[in-house]
Amino acid sequence: MDNVQPKIKHRPFCFSVKGHVKMLRLALTVTSMTFFIVAQAPEPYIVITGFEVTVILFFILLYIFRLDRLMKWLFWPLLVFALVTAVCCLADGALIYRKLLFNPSGPYQKKPVHEKKEVL
């Protein structure tokens with residue numbers, strides 16, 4: 001008798017439990033980033049959340065195109081982390097440069113909206 005092994009049916013990433021969890025995480029992170037932007041939170045919160053959105057999106061694309069199985073010799077997390085960190089460092093440097101260019105006297109101080117100027 002022939003030993004016939006059942007063929008493992010490939011399930012697309014978008015329809016797997018792992019895919020749903022990663023997409024739910026992406027939606028939650030994008031929502032929190034939107035709330036940070038609307039609430040005018042400090043820039044580091046927005047930058048870190050944007051960094052996380054970029055990493056999650058990259059990994060979802062990686063799994064959708066099955067690149068993790070195609071190139072096993074490449075250590076994906078290290079490559080992704082290095083590339084995204086470099087991009088975020090450049091963006092952070094540009095933001096700091098812009099802030100120092102427009103306000104060379106010191107750090108940015110937020111004032112409450114209800115605070116009125118005194119007229120003498």
Specify the closest pair of heavy atoms between [X] and [Y], including all atoms of both residues, with the distance to one decimal.
X: Ile60; Y: Lys22; result: CD1-O, 3.8 Å
X: Ser32; Y: Thr49; result: OG-CG2, 3.6 Å
X: Tyr45; Y: Phe36; result: O-CD1, 4.0 Å

Practice item. Determine whether Arg25 and Glu52 make a side-chain contact, defined as any pair of heavy atoms from C-beta on separated by less than 4.5 Å. Key: yes
Practice item. Would you mind listing every salt bridge (charged side-chain N to carboxylate O under 4.0 Å, His left out) that reaches into residues 29-40, with sequence neighbours excluded? Key: none
Nearest 0.5 Å, please: how far is [atom2] in [Y] from [atom1] in [X]?
X: Thr29; Y: Ile48; atom1: OG1; atom2: CD1; value: 13.0 Å
X: Thr54; Y: Leu83; atom1: OG1; atom2: CG; value: 11.5 Å
X: Leu62; Y: Leu57; atom1: CG; atom2: CG; value: 11.0 Å

Please tell me whether [X] and [Y] are part of a single hydrophobic cluster in this structure, the criterion being side-chain heavy atoms less than 4.5 Å apart.
X: Val30; Y: Ile37; answer: yes
X: Leu28; Y: Val47; answer: no
X: Ile56; Y: Leu61; answer: yes
X: Phe65; Y: Met23; answer: yes
X: Val87; Y: Phe58; answer: no

Check your understanding: Quick one: does NZ or CZ of Lys18 land under 6.0 Å from the six-membered ring centre of Tyr63, within 45 degrees of the ring axis?
Key -> yes
**Study point:** Set of side chain to side chain contact (heavy atoms under 4.5 Å, CB included) partners for Ile96, sequence neighbours left out
**Key:** Asp92, Leu100
